Amino acid sequence: MKVFFLILCVFVLVSFAQAQQIQSYSFAELEEKISTEVQKQLLIVNFWATWCAPCIKELPYFEKLAEEFPKADFKVLLVSLDMEKEKAVNFSKKKQLQSEVAFLDEVDFNAWIDKISAEWSGAIPATLMISASGEKIFHEGELSQEELNAYVKRFIHKTQKL
Amino acid sequence: MKWSIIILSILTLGIGISANTARQQGYQVGDYATDFNLEGVDGKTVSLSDYREAEGYIVIFTCNTCPYAKMYEQRIIDLHKTYADKGFPVVAINPNCPERSPGDAMSEMKKRAEDKGFGFAYLQDVTQETTKAYGATNTPQVFLLDKESSGKLKVAYIGTIDNNYKDAAKANVHYVQAAVDALIEGKKVPETKTKAIGCTIKWKQA
């Protein structure tokens with residue numbers, strides 16, 4: 001019985017550890033997070049939402065990047081633009097997303113879209129790749145795994161010596 | 001090795017340029033817009049020139065299926081109520097390919113317009129030519145047109161309706177209202193270009 005409890009405890013702990021906590025950010029906080037993260041490694045930021053079909057389709061490609069580029073030092077940050085945080089939380093749990101998910105809690109889009117990229121019309125999905133030295137690649141619209149890999153490859157070559 | 005680098009740079013440059021020109025397509029504020037001839041939910045085709053009394057048009061690319069379009073639906077209805085009589089009717093265009101987005105088929109558009117009592121024309125851009133000409137990028141997106149005395153249609157504003165998609169009551173900058181009011185009063189439009197998160201246009205698959 002004791003052993004059973006112990007196993008149960010471990011199991012619960014492990015599953016808790018796997019279900020990531022999703023944090024809410026204002027845009028200013030997100031900007032700060034981006035600038036902190038980018039000091040540690042290359043950063044790939046994807047803007048998505050659970051209601052956006054092309055976004056959902058391409059998410060697995062981002063999840064697969066760690067496997068595609070095992071030697072590269074980068075981080076994927078999935079920024080949810082859902083209307084309610086709960087949607088993003090439930091989706092991440094269901095799909096067991098490994099990349100960090102952030103919830104952007106903002107209603108005034110025009111105030112910050114240009115700060116991500118002047119090229120961005122506002123349509124999602126949209127992806128930003130950014131390095132500490134200020135290298136930037138921005139892509140608006142859906143990506144295939146091949147397209148994403150090509151972008152990441154180009155980005156890594158520009159910024160890192162492998 | 002040298003050659004491959006040169007070729008790579010040329011390729012990269014090419015990609016950069018093509019991405020740029022793709023963004024430049026469509027109207028900028030100050031350009032002249034062309035009229036169109038599109039089928040509406042009442043079965044009739046509509047052109048801007050049909051509105052003889054109009055002094056301009058609030059052309060809105062919107063649809064049935066995008067969550068943001070739904071959130072702005074009532075605000076679009078209200079814009080028409082407020083401004084149609086003042087010479088600025090709303091003309092809504094659904095740009096989405098119905099094969100890719102079945103919820104945007106004409107039959108669904110008819111239902112939506114009836115259920116919600118749209119007072120404005122709700123048109124379908126089957127060929128997507130108008131959407132391309134205007135350069136709409138997402139739904140909902142407004143192109144405010146000012147009719148000059150010559151009859152030419154000058155783009156006066158491109159962008160979003162206001163600054164709070166979630167709660168109309170909490171929005172405190174009403175871009176479209178401010179722009180139309182300015183045109184009516186013969187003043188300068190305070191803000192001519194804004195951006196908003198929206199759903200991508202569902203383009204026909206080539």
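None of these values were measured; they are calculated from a predicted model. Sequence lines set the chain letters: A, B, ... in the order given, protein chains first and strands last, and positions in each chain run from 1.
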Going by residue number, which parts of residues 54-63 of chain A are within reach of chain B, meaning a heavy-atom gap below 4.5 Å?
A:Pro54
So how far is it from A:Asn110 CG to B:Lys193 NZ, rounded to the nearest 0.5 Å?
9.0 Å
Of all heavy-atom pairs linking A:Phe109 and B:Ala196, the shortest is CB-CA, 3.7 Å
Using only non-hydrogen atoms and a strict under-4.5 angstrom cutoff, which residues of residues 153-168 of chain B touch chain A?
B:Asn163, B:Asn164, B:Tyr165, B:Lys166
Quick one: what part of B:Tyr68 sits under 4.5 Å from any heavy atom of chain A, side chain, backbone, both or neither?
both
Determine whether more than 12 heavy atoms belonging to other residues, nucleotides or ligands lie under 6.0 Å from atom NZ of A:Lys87.
no
Specify which of B:Val173, B:Thr139, B:Thr194 makes the most heavy-atom pairs with chain A at under 4.5 Å.
B:Thr194
Are more than 12 heavy atoms from other residues, nucleotides or ligands located less than 6.0 Å from atom CD of B:Glu185?
yes
Under 3.5 Å, is there a donor-acceptor pair between the side chain of B:Lys195 and the main chain of A:Trp120?
yes
Who among B:Thr200, B:Ile197, B:Asn138 has the most heavy-atom pairs with chain A under 4.5 Å?
B:Ile197
Just wondering, are more than 12 heavy atoms of other shown residues or ligands nearer than 6.0 Å to CD in A:Glu86?
no
Is it true that, when you exclude A:Glu32 itself, more than 12 heavy atoms of the residues, nucleotides or ligands shown sit nearer than 6.0 Å to its CD?
no
Checking heavy atoms, do the side chain of A:Leu81, its backbone, both or neither come under 4.5 Å from chain B?
both
